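Here is the structure we will look at, set down as structure tokens.
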Number of protein chains: 2
Amino acid sequence: MTASRPTMEDVAARAGVSRALVSIVFRGAAGASPATRERVLTAAAELGYQPDRRASRLGRTRTRMLGVVFGVGHAFHGDLVDSLYVAAADSDYEVVLSGVTPRRREDEAVRALQAERCEAIVLLGSTLPARALAELASRLPTVSVLRDVRAAGVDVVRTDDAEGLRQAVAHLHALGHRRIAHADGGQAPGAAERRRGYRTAVRRLGLAELPLLPAGLTEEDGARAAGAFLAGPAKDRPTAVTAFNDRCALGFVDAVRRGGVGVPERLSVVGFDDIRAAAYAHIALTTIRQDADALGRLAIERAAARLDEGAPPGRPAVVAPTLVVRATTGAPR
Amino acid sequence: MTASRPTMEDVAARAGVSRALVSIVFRGAAGASPATRERVLTAAAELGYQPDRRASRLGRTRTRMLGVVFGVGHAFHGDLVDSLYVAAADSDYEVVLSGVTPRRREDEAVRALQAERCEAIVLLGSTLPARALAELASRLPTVSVLRDVRAAGVDVVRTDDAEGLRQAVAHLHALGHRRIAHADGGQAPGAAERRRGYRTAVRRLGLAELPLLPAGLTEEDGARAAGAFLAGPAKDRPTAVTAFNDRCALGFVDAVRRGGVGVPERLSVVGFDDIRAAAYAHIALTTIRQDADALGRLAIERAAARLDEGAPPGRPAVVAPTLVVRATTGAPR
DNA sequence: TCCTCGTACTAGAGCGCTCTAGTCGGAGAG
DNA sequence: CTCTCCGACTAGAGCGCTCTAGTACGAGGA
């Protein structure tokens, strides 16, 4: 099995050239004749040689590795990871994943990435205290995606959450809704902005600001909020709800329907994120779409700018969300 | 920013010892007096020194890295990743994640891991052809989790899928169901075994084997199967359905309910996996639980046995599933 | 004919660690 | 008082690459 893998030395010997030449060929650098290049590649293939990235990174000054911390269970993080992989490849960076799970905390995930000598860290929906982020940013370019933090040196890439809620409320208002409530995300990244967006939008339209339905970021939280919703007397209920995110909206819709309240007949619901599942025909959630591709691309661009051009941390990059109307909203009866 | 991080050399100089001694301290190896150890640690802290893992792995013969390929959007993979992180830490291995996304194929993910010099590869629900797996296994210890493959050198860790379906069918039968159908997973890893398990169980109980409802592994697929289910005349419909997995079951239940068929009043549904979401109060899916912790632990054990003890690939490790009765099953009316 | 220049290639010094084979000094045995 | 042994520590050779500073050589110009 491990008769110790072939190294560059072996390839060089077989091709009858120096180690350096093999390196040139594998890096795609200039300075090797086509014929030799061919010969080296052939020798490598025969030996089943594959360059050792650890060693190559050690030898190089730059590692070109970008550490990405993500929540393993979070659907939208998955969409972002997809986009980060693509964007990084385009900029000739390599992404290294480090997952946060119920038994692996965010700071552990970050530490692992630092030990690997990633050149920059991208945090998806970080819940680290601002102090910890600033401390991290003092060591490495740090990009916080989805979470707006004011911490020294931390770059922020996020969706315009408030604008998203403005669109959601405007959509519901246009449909004729006047009693619109918000299922709140509490401490979750982005929740404060969305809460604020809801309040501003409602006030501007001259509508009543209804009490928040305490929810959170999972389906379970949404279902819990539905409980609170159903508990009130039917005639006082809002006719529409904007949810903190899609997962929350999904749980909310599900629970409310089972409580006998039809969606969208009796209640309209708007989510946030536009996770893949929201688009599924059987769910067809009206939602505020976060542009995962744009967010991913911007995050990589920020990191690359800091690294390649020595750019200072910039002001938050804010991506516009878009309303996606599907089947969970309609005119109130 | 990068005034080039401190190295062992810097720490050694500051603590007034040799580089080797610093190495000893950081590896926790024997051969340093408590006083010196303390001094080195202090110097390191003052400099903000953190050892470079790449370099340490290069110096070492063993990298003790385990590559894990997982589907970024798959809920159950997330549960497995959590358990793998824990199990690996216990065996003093380090897991390196490589995600499969809509735009990043499984073979790319595997290649990245090989280039990192992982010592073994763990594939979650691989869809690689058996040939490719055998080829991979000829280079590195390879463990296929959730997918039963007969490929030379590949270790398999999986749930007893057929037994799971036996339990599901037996549960439904005990409740009084006689017309039980299966929403099939098609080509997905494990689908063939579950299909077979369904057929065997139904036959043994003397029940009719109903036509498969073609589904798949996503909520969408489940909803599609529900369409087929609802299309038939009501009186010929099965009274219970076993679904390929939880996500599929969730989509199925949702669509069927909206088609006016109550669950569990008119139709009982059993899932498979017991993903976190299945347990949520508002979903409360009766399901066959795969033991993610056991699967993760066994996968690591297998890899470790091959690596540490030179053990040959063994026969498949099969984990028993368990029935978790929640609220989507009941007696037929 | 000599010199320059560019292309193809090589030597060898790192990169930041690990780890083997030492050295050194003092405590305990004889 | 010498000899051994052990614990504490160091020197230095790797690990598999990268990359700078070369060398060798043939073509082209004066």
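Just so we're clear, the structure is a prediction, and the values are computed from it rather than from any experiment. Note on naming: letters A, B, ... go to the chains in the order of the sequence lines (proteins, then strands), and numbering restarts at 1 for each one.
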Find the distance between [atom1] ([X]) and [atom2] ([Y]) and round it off to the nearest 0.5 Å.
{"X": "A:Arg39", "Y": "A:Arg14", "atom1": "CZ", "atom2": "CZ", "answer": "12.5 Å"}
{"X": "B:Leu47", "Y": "B:Asp10", "atom1": "CG", "atom2": "CG", "answer": "6.5 Å"}
{"X": "B:Leu58", "Y": "A:Leu58", "atom1": "CG", "atom2": "CG", "answer": "5.0 Å"}
{"X": "A:Arg53", "Y": "B:Gln114", "atom1": "CZ", "atom2": "CD", "answer": "12.0 Å"}
{"X": "A:Arg117", "Y": "B:Arg5", "atom1": "CZ", "atom2": "CZ", "answer": "3.5 Å"}
{"X": "B:Phe26", "Y": "B:Leu41", "atom1": "CZ", "atom2": "CG", "answer": "5.5 Å"}

With A:Glu119 as reference, evaluate A:Arg139, A:Arg64, A:Arg62, A:Arg60 under the salt bridge (charged side-chain N to carboxylate O under 4.0 Å, His left out) test and give the passing residue.
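So, applying the salt bridge (charged side-chain N to carboxylate O under 4.0 Å, His left out) to A:Glu119 and each of A:Arg139, A:Arg64, A:Arg62, A:Arg60, only A:Arg62 qualifies.
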Whole-Å distance separating the CZ atom of A:Arg62 from the P atom of C:dG14:
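Rounding to the nearest Å, CZ of A:Arg62 and P of C:dG14 are 22 Å apart.
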Within this structure, what is the CZ-to-C1' distance between A:Arg39 and C:dC9, rounded to whole angstrom?
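Rounded to the whole Å, the gap is 11 Å.
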Could you check if a side-chain atom of A:Arg302 sits within less than 4.5 angstrom of a side-chain atom of A:Leu298, using non-hydrogen atoms only?
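No, side chains not in contact.
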Any side-chain heavy-atom pair from A:Tyr49 and A:Val40 closer than 4.5 angstrom?
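Side-chain contact under 4.5 Å: no.
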Indicate whether any N or O donor in one side chain lies under 3.5 Å from an N or O acceptor in the other, for B:Arg104 and B:Ser98.
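There is such a pair between these side chains.
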Please evaluate residues B:Val11 and B:Met8 with respect to the criterion side chain to side chain contact (heavy atoms under 4.5 Å, CB included), reporting the C-alpha separation (whole Å), side-chain torsions for both, the decisive distance (0.1 Å), and the verdict.
CA-CA 5 Å; B:Val11 177; B:Met8 246 179 201; 5.6 Å; no
Treating A:Arg147 as the side-chain partner and A:Leu128 as the backbone partner, does any N or O pair qualify as donor plus acceptor under 3.5 Å?
yes
With no hydrogens and no angle check, is any side-chain donor or acceptor of A:Asp155 less than 3.5 Å from a backbone partner on A:Gly314?
yes
Mind listing the side-chain donor-acceptor pairs of residues 73-84 of chain A below 3.5 Å, one per line with the distance, residues two or more places apart or on another chain?
unit_1: A:His77; atom_1: ND1; unit_2: A:Gly71; atom_2: N; d: 2.9
unit_1: A:Asp79; atom_1: OD1; unit_2: A:Arg276; atom_2: NH2; d: 2.8
unit_1: A:Asp82; atom_1: OD1; unit_2: B:Thr101; atom_2: OG1; d: 2.5
unit_1: A:Asp82; atom_1: OD1; unit_2: B:Arg103; atom_2: N; d: 3.4
unit_1: A:Asp82; atom_1: OD2; unit_2: B:Arg103; atom_2: NE; d: 3.1
unit_1: A:Asp82; atom_1: OD2; unit_2: B:Arg103; atom_2: NH2; d: 3.3
unit_1: A:Ser83; atom_1: OG; unit_2: A:Ala292; atom_2: O; d: 3.0

Enumerate the protein-to-nucleotides 4-6 of chain C contacts in which both atoms are nitrogen or oxygen and the separation is below 3.5 Å.
none

Kindly state which residues belonging to residues 29-37 of chain B come within less than 4.0 angstrom of DNA chain D, counting heavy atoms of the residue only, listed by number.
B:Gly31, B:Ala32, B:Ser33, B:Thr36
Tell me the bend of the helix from C:dT1-D:dA30 to C:dG30-D:dC1 as the angle between end helix axes, each from five pairs, rounded to the nearest 10 degrees.
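Comparing the first five pairs with the last five, the axes sit 50° apart.
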Pull out every protein N or O sitting under 3.5 Å from an N or O of nucleotides 17-21 of chain D, one pair per line with the distance.
unit_1: D:dC17; atom_1: OP1; unit_2: A:Tyr49; atom_2: OH; d: 2.9
unit_1: D:dC17; atom_1: OP2; unit_2: A:Met8; atom_2: N; d: 2.9
unit_1: D:dC17; atom_1: O5'; unit_2: A:Tyr49; atom_2: OH; d: 3.3
unit_1: D:dT18; atom_1: OP2; unit_2: A:Ser23; atom_2: OG; d: 2.4
unit_1: D:dT18; atom_1: O4; unit_2: A:Arg19; atom_2: NH2; d: 2.8
unit_1: D:dC19; atom_1: OP2; unit_2: A:Arg27; atom_2: NH1; d: 2.9

Atom pairs, N/O to N/O, protein against nucleotides 24-28 of chain D, distance under 3.5 Å?
none

